[in-house]
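The structure under discussion appears below in the form of structure tokens.
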Amino acid sequence: MSSKEKWLKQRWPPEYVAFYQTNEFGAERHAVHWYAKVRGISNVSRRELLPHEPPNAKSNRRYYRLDL
């Protein structure tokens, strides 16, 4: 089991997610100003998440899509 899987096993599924603001956010940087309740989770391909992205080596990778 990978370290990611061990970490997620104890914290999955999330009830809320928070959005940390980096330096790019200027005066609002280095803080969480927004959070959202997770309403659903699905396992989808990158192609489904980014339908306008040209096909590439990552197109078939699987991701979790969080519905907020």
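By convention here, the first residue in the shown sequence is residue 1.
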**Complete:** Between Ile41 and Pro13, the two heavy atoms sitting closest are CD1-CB, 3.6 Å

**Prompt:** Take atom CZ in Arg39; do more than 12 heavy atoms of anything else shown fall under 6.0 Å from it?
**Reply:** no

**Euclidean distance, Trp34 CH2 relative to Phe25 CZ, rounded to 0.5 Å** = 11.0 Å

**Asked** Tyr20: which other cluster members, linking ILVMFWY side chains closer than 4.5 Å, directly or transitively?
**Response** Val32

Between side-chain atoms of residues 53-68 and protein atoms elsewhere (two or more places apart, or another chain), which donor-acceptor pairs fall under 3.5 Å?
unit_1, atom_1, unit_2, atom_2, d
Glu53, OE1, Arg46, NE, 2.9
Glu53, OE1, Asn56, ND2, 3.2
Glu53, OE2, Arg46, NH2, 3.1
Asn56, OD1, Lys58, N, 2.7
Asn56, OD1, Ser59, N, 3.4
Asn56, ND2, Pro54, O, 3.1
Ser59, OG, Asn56, N, 2.8
Ser59, OG, Asn56, O, 3.1
Asn60, OD1, Arg47, NH1, 3.4
Asn60, OD1, Arg47, NH2, 2.9
Arg62, NE, Asn43, OD1, 2.9
Arg62, NH2, Asn43, O, 2.8
Arg62, NH2, Asn43, OD1, 3.3
Tyr63, OH, Arg46, NH1, 2.9
Arg65, NE, Ser42, OG, 3.4
Arg65, NE, Asp67, OD1, 3.3
Arg65, NH2, Ser42, OG, 3.2

**Asked** Hey, what do you get for OH (Tyr16) to OH (Tyr35), rounding to the nearest 0.5 Å?
**Response** 6.5 Å

**Prompt:** Any side-chain heavy atom of His30 within less than 4.5 Å of one from Asn23?
**Reply:** yes

**Request:** Just jot down the salt bridge (Lys or Arg N to Asp or Glu O under 4.0 Å) partners of Glu15, sequence neighbours excluded, or say none.
**Result:** Lys37

**Request:** Answer yes or no: is there a donor N or O on one side and an acceptor on the other, between the side chain of His33 and the main chain of Gln21, under 3.5 Å?
**Result:** no

